[in-house]
Amino acid sequence: MKIVCIGGGPAGLYFALLMKQLGREHGVAHDISVVERNKPYDTFGWGVVFSDATMDNMREWDRDTADAIEASFAHWDDIELQFKGRVIRSGGHGFVGIGRKKLLNILQARCEALGVKLVFETEVDSDADYPDADLLIASDGINSRIRAKYAAVFKPDIVVRPNRFIWLGTNKVYEPFTFLFEKTEHGWFQAHIYQFDKTTSTFIVECPESVWLAHGLDRADPDQSVAFCERLFATNLQGARLLTNARHLRGSAWINFQRVKCEQWSHFNGTSHVVLMGDAVHTAHFAIGSGTKLALEDAIELTRQFKQHGDTAEHIPEVLAQYQTLRAVDVIRLQNAAWNAMEWFEVCGERYCDQLEPEQFMYSMLTRSQRISHENLRLRDKGWLDGFERWFDTQSGVAAAKPVPPMFTPYSVRGATLKNRVVVSPMAQYCCVDGVPGDYHLVHLGARALGGAGMVVAEMTCPSADARITPGCPGLWNQAQCEGWRRIVDFVHRETDAKIAIQLGHAGAKGSTSAPWQGAGADQPLATGNWPLIAPSPLPYLANGAVPREMTRADMRRVLDDFVRSTHYAAQAGFDWLELHCAHGYLLSAFISPLTNRRGDDYGGTLDNRLRYPLEVFSAVRQAWPQEKPISVRISAHDWVEGGITPDDAVRIACAFKAAGADMIDCSSGQVSAEQKPTYGRMYQTPFADRIRNEAGIATIAVGAISEADHVNSIISAGRADLCAVARPHLANPAWTLTEAAKIGFADIEWPRQTLSGKSQMETLFLRERAALAGKS
Ligand SMILES: Cc1cc2nc3c(=O)[nH]c(=O)nc-3n(C[C@H](O)[C@H](O)[C@H](O)COP(=O)(O)OP(=O)(O)OC[C@H]3O[C@@H](n4cnc5c(N)ncnc54)[C@H](O)[C@@H]3O)c2cc1C
Ligand SMILES: Cc1cc2nc3c(=O)[nH]c(=O)nc-3n(C[C@H](O)[C@H](O)[C@H](O)COP(=O)(O)O)c2cc1C
């Protein structure tokens, strides 16, 4: 085959040498050339990083290259944070750093040794320059000309990110991977620093665009930028100089990261197959330093496909199709992690630097990609994590001989103290008669209160009969209902040390429907016996749903009074905590969202107006509820619909409830519009809790796909939320918290005395399971 690689970066060079080698194995002399615009030693950049795992992969494919890299790389394990005058270091992170020039020289030398033609100082204008090539590799980097030419086919999706960064070097040697954070009069800067040979370190400086502009760095040439950074990090540099190899650039050397992904990776141009590789097809932010890794692994996968299908021209179409299918999965996984890490650095100045103590800041930074969890940190550096847990315990008022995992530390607000950070999230059960909770609810909530959670939140309970979602929903508008609840609350208080909360909510346009297992199913109107609905605007939830009547001021006064009456009953029943349901498209949520509130009066229009009624209800409830008892507000922090509530709005909503006296925001999302397109995934709503907690400055509850102790520990430790609500796992296992404690080997937790005999057996079984897993790995 005749193969031309356009661009001699890591992708083009490594693919060229691997294919040459594959041909040799088959006794075929593929004609392979790499065409590069630069001179052999003329390249941008300093050091690049990749993980030990990438090195293992490379060794499998070409031992000579791997050995040459290994002879020249710097390997290090530690990450060090220098922040607010503190130095914190943790180990076990395993990176490899090598100068970009050195890496390219190794690849170039190997190409030459194998017989790849290297053509330097040649600008490729078009793929049409090589009509006789069977395969053209577009390894021409992030600004790929080939990708641009066939944009209609490749459909690139390029997002330019808001931060500015400059890629510098220094001759100061940094032993660990080092992060510096410095505050100026205009905001925060951070430096990412890693050694890549015996005398040199990469020194990337990054800041938000607004901070960069405020310092006039848009007008600074590379030398002025270097001088600025030297002054900024003078305490750390201690006289060492920063270096730039971007002097050839005109104007500012500060760039914005571009996230590139493409829908299609290859194309037949009429004479040759053209395929994108490396940065030309996808980029990964330097916050997880994986761009080179992706480029090298692309080269490996394409070679593997030729090896499997045959390295002759007729196999090219199937090889290219398989290459994209297989690589796309790994790439998207890595890009997602890189995206999280990148976003963390974009917002850390405003969201975390000023808010978090250095210990928690370090934890948050280490877990920024959300790929590294609490137990993963323990595996990397147990000593550091033990120290962190002790610090967290002290903050939570725990003084124990052994560190207590953050999930099991107590939490106090007003007069309530929860024994740990797990909350049984409210879950409608649709099985009350006339709104009265009976034996079913006693057993259901009682079992979960016995199961180890710090608090159990009873399902949405309605202030009037017409406020219910279904006829089976519980209510709190009469004495019989109050007595039903009191029996449950008394049981929980008598038999357990869990707290119990009530969630008050009005169904609005989503009322008068069947239970999920009845008739046409959830959210569908009842077959018979429907009642009239009210809502902020006359908009049905489902296209075939009943149209509610727009609420009048009289309706609003009546519903507010109903909420207050329920609050008095809730206090009488002895609940410890009240949650006001302002989420999921129910009445109060429907006032907040512009999708469901189209009112023309003072209660519609701007967000302030849309919040007016929910805040009036909140204030009335707060006044009626005992002062020593907390109130949380559940909101939908994202409608997942264009034009609906966004996380930006959610911060403002949280601020408004905070100002009105709310103690916590329970951060759910969606269910406001049937058109929603949520992005589900592990802990998918936790970013809302994180943002609200650290931007609005109010305690939060994270909820949604939190299903292991590891999740809870990571969320609480990083200061992303104060409590974690867990719903579906509690349907499957009422004793979820006790089970998770045993799973992670935390035995210092009380079981109900009647069930104690089960504790040590469960702990032993999990201990054996952990030992067996450790034995396997
Ligand atoms: C600040 C910063 C820090 C980074 N840190 C890391 C890190 O720590 N770890 C890591 O793995 N990655 C890192 N990267 C990313 C890494 O540099 C790239 O992901 C990687 O180099 C991609 O390899 P590539 O071969 O696809 O593209 P490139 O390395 O960009 O190579 C493309 C080549 O094509 C040539 N070329 C382009 N157009 C033409 C043309 N028309 N004719 C001829 N030649 C052409 C270019 O001159 C270049 O040599 C970092 C990037 C930046 C910006
Ligand atoms: C059966 C069921 C009923 C629910 N009922 C309510 C409810 O009454 N009030 C509420 O705010 N959320 C309700 N939810 C949402 C949960 O409280 C929780 O936010 C959601 O299930 C995501 O958490 P999970 O991933 O842990 O299940 C319900 C969820 C389920 C599965």
Side-chain angles (χ1 to χ4, degrees), residues 5-15 34-38 42-51 54 95-98 100 103-104 107 119-126 138-146 165-168 192 194 196 202 204 206 255 257-258 276-296 298-299 423-430 457-461 469 473-474 503 505 516 522 579 581-584 586 634 636 666-671 680 683-685 701 703-707 724-731:
C5 300
I6 302 173
L13 290 168
Y14 197 48
F15 177 71
V34 178
V35 188
E36 165 61 44
R37 60 155 74 111
N38 291 333
D42 175 22
T43 175
F44 73 95
W46 298 93
V48 295
V49 191
F50 36 87
S51 65
T54 310
F95 296 102
V96 170
I98 185 166
R100 179 177 158 93
L103 173 67
L104 293 183
L107 298 176
V119 185
F120 290 103
E121 297 178 75
T122 304
E123 180 84 32
V124 177
D125 289 325
S126 160
S139 48
D140 51 346
I142 190 162
N143 298 314
S144 170
R145 195 175 280 175
I146 308 295
F165 69 92
I166 183 165
W167 201 354
L168 303 173
H192 313 233
Y194 48 91
F196 63 87
T202 298
I204 302 169
E206 184 191 12
I255 46 180
F257 173 72
Q258 295 183 49
L276 299 171
M277 188 179 279
D279 271 10
V281 64
H282 47 60
T283 54
H285 191 260
F286 57 85
I288 63 163
S290 292
T292 310
K293 163 197 159 76
L294 283 181
L296 296 169
D298 282 354
V423 170
V424 177
S425 202
M427 280 180 286
Q429 299 294 295
Y430 315 104
V457 186
E459 70 199 80
M460 175 166 133
T461 299
I469 310 167
C473 288
Q503 186 190 50
E579 177 159 286
H581 200 342
C582 296
H584 302 168
Y586 296 117
R634 179 167 267 207
S636 281
D666 185 353
C667 304
S668 187
S669 75
Q671 299 174 51
Y680 293 118
M683 303 181 275
Y684 71 106
Q685 293 171 152
I701 305 177
V703 64
I706 297 169
S707 54
C724 288
V726 175
R728 289 163 299 171
H730 274 122
L731 289 180

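Start at 1 and go down the list; that is how both ligands and their atoms are numbered.
Among the atoms of Pro10, some N or O lies under 3.5 angstrom from an N or O of ligand 1. Distances between N or O atoms of Val49 and those of ligand 1 include at least one value under 3.5 Å. Some N or O of Tyr194 is nearer than 3.5 Å to an N or O of ligand 1, by distance alone. Of the N or O atoms in Ala11, one or more lie within a sub-3.5 Å distance of an N or O in ligand 1. Checked against a 3.5 angstrom limit, the closest N/O atoms of Val124 and ligand 1 fall inside it.
Evaluated by nearest non-hydrogen atom to atom 28 (C) of ligand 2, the leading choice among Ala727, Pro426, Ser636 is Pro426. Remark: among candidates Tyr14, Trp167, Phe120, the nearest residue to atom 52 (C) of ligand 1 is Trp167, based on non-hydrogen atoms. The option from Arg634, Met427, Gln671, Arg728 that lies nearest to atom 15 (C) of ligand 2, judged by heavy atoms, is Arg634. One option in Gln429, Met683, Gln503 has a heavy atom closer to atom 9 (N) of ligand 2 than any other, and that option is Gln503.
Close to ligand 1: Phe165, with a non-hydrogen atom less than 4.0 angstrom away. Distances shorter than 4.0 angstrom occur between a heavy atom of Pro729 and an atom of ligand 2. Heavy-atom separations between Gln685 and ligand 2 are all 4.0 Å or longer.
Shortest non-hydrogen contact noted between Leu107 and Pro10 is CD1-CA, 3.8 Å.
Looking only at atom types and distance, the side chain of His730 has no donor-acceptor partner in the side chain of Ser425 under 3.5 Å away. Side-chain contact annotation: Asp279 with Thr283, donor-acceptor N/O pair under 3.5 Å absent.
No option in Phe257, Trp167, Phe165 other than Phe165 meets the side-chain contact (heavy atoms from CB on, under 4.5 Å) test with Glu206.
For the ring-ring contact (aromatic ring centres under 6.0 Å, His included) test, residues two or more places apart in sequence or in another chain that qualify with His192 are Phe179, Phe286, Phe345.
Of the protein's non-hydrogen atoms, the one nearest atom 8 (O) of ligand 2 is Met460 N, 3.2 Å.
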